[in-house]
Each structure stands twice: as structure tokens, then as C-alpha cells.
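Note that ligands are numbered from 1 as they come in the structure, with each ligand's atoms numbered from 1 the same way. The basis for the numbers below is simple: all heavy atoms, side chains too, and nothing from hydrogens, waters or symmetry mates.
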Amino acid sequence: MVDTDEFIPEAVAEIQEEIGDSKAIIALSGGVDSSVAAALAYEAIGDNLVPIYVDTGLMRKGETEQIRETFDYMHSLDIVEAQDRFLDALEGVTDPEEKREIIGEQFIREFEREAKAVDAEYLVQGTIYPDRIESEGGIKSHHNVGGLPEVMDFEGIVEPVRDLYKDEVREVARAMGLEEVVSERMPFPGPGLAVRVIGEITEEKLEVARESNHIIEEELEEYDPWQALAAVIGKATGVKGDNRVHGWVVSVRSVESRDGMTARAQNIDWETLQRIQSRITGTNDNVARVVYDVTHKPPATIEYE
Ligand code: XMP
């Protein structure tokens with residue numbers, strides 16, 4: 001629990017002190033962490049904060065439109081079309097940690113370029129406590145912590161929610177009056193669909209992942225999962241019409257958790273699972289099989305990579 005009456009003014013004062021009269025950019029992702037970091041920083045430095053959303057091509061369906069609506073109140077929202085740069089940098093890369101490093105580095109390069117264009121010296125990020133713990137503990141390099149390049153062209157990185165857990169960030173979001181679509185939004189990882197596509201990232205696999213995640217979010221909303229997702233995990237044989245196909249295998253995962261550090265796979269009823277299966281295979285001709293992941297964390301992680 002966080003005492004929001006105390007936390008909010010303290011965080012705002014700290015940001016003011018750190019950034020002073022300089023300019024900063026905030027990297028928005030659409031998620032609750034970066035949205036809260038943005039709201040705090042906006043309160044602290046107003047229009048000296050330039051919100052930036054990098055469209056990596058790895059985002060959820062409709063994400064860019066959602067961001068546009070949510071951050072309408074901050075003028076100067078800068079949407080960077082970086083899909084080609086991210087996909088080119090990731091071409092042929094199969095190792096999960098290498099993917100994260102490439103994504104982390106590419107994000108920073110995009111931020112640096114945008115920061116230079118608007119004369120911003122600081123970068124505000126929505127890093128939260130578990131991101132740091134998992135990166136420092138060597139579990140995985142969260143792109144916004146361990147995935148950062150060693151040399152960065154910023155005067156400083158400001159992380160106003162770095163000591164909070166996700167449920168505390170949500171409390172702050174509610175206290176600051178952020179919309180419910182933001183405060184209650186399911187977590188989505190910074191590297192986006194890249195960690196929901198096993199092996200090399202291709203446009204085809206991304207499209208399957210994007211459509212399948214959209215279906216999952218709709219179908220599993222009533223279960224109120226901490227996080228629900230779909231991942232493209234490989235290929236298998238199937239039949240479509242009279243033909244044998246070698247199609248994608250989509251794994252569906254839905255978990256309960258408090259902080260993302262441990263999680264329990266949810267018990268989803270058969271009818272819902274069958275409806276998900278039929279929507280995913282119906283929407284994507286190239287999907288041969290849909291499976292449900294029953295593994296808790298540990299031993300699995302929530303994401304696939
Ligand atoms: P795992 O897969 O480690 O995920 O069980 C725990 C929580 O963290 C999210 N996650 C990330 N968030 N950058 C983020 O901002 C990342 O690199 C990253 N990797 C995992 C994941 O979605 C889950 O909520």
C-alpha cells in the first residue's frame with residue numbers, strides 16, 4: 001500500500017528538483033507505469049515535458065490510437081514511426097536476451113534523436129520495483145533497466161515510480177484521476193509482442209500474435225486476470241479443409257498475481273477455451289493449433305521470453 005496523499009506531492013517535488021527548468025521527454029507505452037510517470041512529470045514540469053510514443057511495430061492492436069486519445073491533454077505528443085528500424089534491427093535474432101538488448105538500445109536511440117530535436121536533457125521512464133529486481137537478480141533484462149545501453153546521451157534518467165509495485169502504481173493512477181482504461185489496464189511488457197513470439201520475429205508471426213492477443217483480452221476480461229496473453233510458440237501439423245497444413249501454434253496464458261513476481265495459471269472453463277480456439281484459428285488461417293498453458297510462475301515466467 002502506498003499513501004498517495006504523501007507520495008504524489010513528494011514525487012512531483014523530486015522531479016522538479018531533478019529536472020529544474022530543463023526539458024524532459026517521457027517514453028509512453030500505453031501502460032499504467034509510464035502513464036503515471038507521465039502524469040507526475042507533467043504536474044512537475046508542465047510543458048517542459050515532451051511525451052513520446054515510439055511505435056515499434058511490436059505493440060498491441062489499436063495501441064497507437066489509444067495513446068493518442070489518452071494523452072490528448074498533453075499537447076506536443078510525438079508519435080515516432082519506428083516500425084522498420086525495430087524490425088530491421090531484430091532480423092534473424094532468435095536469442096531472447098539478445099532481442100531485449102536490441103530493443104532496449106533501439107528505444108534509447110529513438111529517444112535520443114527525439115530529445116535532441118526538442119532540446120530535452122532528461123528521460124523520464126516508468127520503471128517499477130519488480131523490473132529492477134528481476135533485472136538486477138539476473139532473471140531477465142527488463143528492456144528499460146538491464147537492456148539499456150552503457151552510453152546514453154542524457155543528463156539523467158528520472159524514474160518516479162521506481163520503488164512501487166504494480167498495484168501501488170494503480171492506486172496512484174486512480175488518485176491522480178487517470179482513466180480506468182489506463183489505471184486498470186493489464187500489464188504489457190516494454191519489448192511488446194517480441195517476447196510473445198518465440199524465435200525470429202517476422203511480420204507474419206507478429207500479426208498472428210497481435211490478433212490473438214486482442215482476442216484473448218476480449219474473451220478473458222470476465223476472468224479479471226492479472227495478465228492474459230497469447231504467444232506464437234512454434235509450428236505444428238494440422239488440417240484445413242482437405243489440406244494438410246504446417247501452421248503456427250498459439251499458446252494462451254492467463255494468470256493471477258499480486259506483483260508479477262510469482263503467478264498462478266487461471267482455471268478457465270472449457271467453453272471459453274474452445275471459443276478462443278475457434279476465434280484464433282478462424283481469424284488466422286495460418287494457425288494450426290491453440291494450446292492453454294497451465295504452468296505457474298515459478299517454474300515458468302509470465303511471458304515466453
Ligand atoms: P515475467 O515474464 O518475467 O514477467 O514473469 C513479469 C512481468 O513483467 C512484465 N515484463 C516486462 N515489462 N519490460 C517491461 O516493462 C520488460 O522487458 C518486461 N519483461 C516482462 C511481464 O509482462 C509481466 O507483467
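Summarising the geometry, atom CG belonging to Leu206 is positioned 10.5 Å from atom CG belonging to Asn213; distances are rounded to the nearest 0.5 Å. The line from CG of Leu164 to CD of Glu159 is 12.0 Å long, rounded to the nearest 0.5 Å.
The ligand atoms of ligand 1 that sit less than 4.0 angstrom from a heavy atom of Thr301 are 1 (P), 2 (O), 5 (O). Close contacts of ligand 1 with Gly260, meaning ligand atoms under 4.0 Å from a residue heavy atom, involve 6 (C). Against a heavy-atom cut-off of under 4.0 Å, Pro187 is close to the following atoms of ligand 1: 24 (O).
In this structure, Phe71 has its ring center no closer than 6.0 Å to that of Tyr53.
Among Arg100, Met186, Glu303, Gln227, the residue whose heavy atom lies nearest to atom 23 (C) of ligand 1 is Gln227.
Only side-chain heavy atoms of Lys297 come within less than 4.0 Å of ligand 1; its backbone N, CA, C and O stay farther off.
Checked against a 3.5 angstrom limit, the closest N/O atoms of Arg196 and ligand 1 fall outside it. Distances between N or O atoms of Ile302 and those of ligand 1 include at least one value under 3.5 Å.
Put simply, part of Trp226 is less than 4.0 Å from ligand 1, judged by heavy atoms.
We find that Glu218 and Arg279 are joined by a salt bridge, their nearest charged nitrogen and carboxylate oxygen being less than 4.0 Å apart.
Counting only residues at least two apart or on different chains, the salt bridge (Lys or Arg N to Asp or Glu O under 4.0 Å) pairs with a member in residues 254-268 are Asp167-Arg258.
Side-chain contact annotation: Tyr304 with Ser251, donor-acceptor N/O pair under 3.5 Å present.
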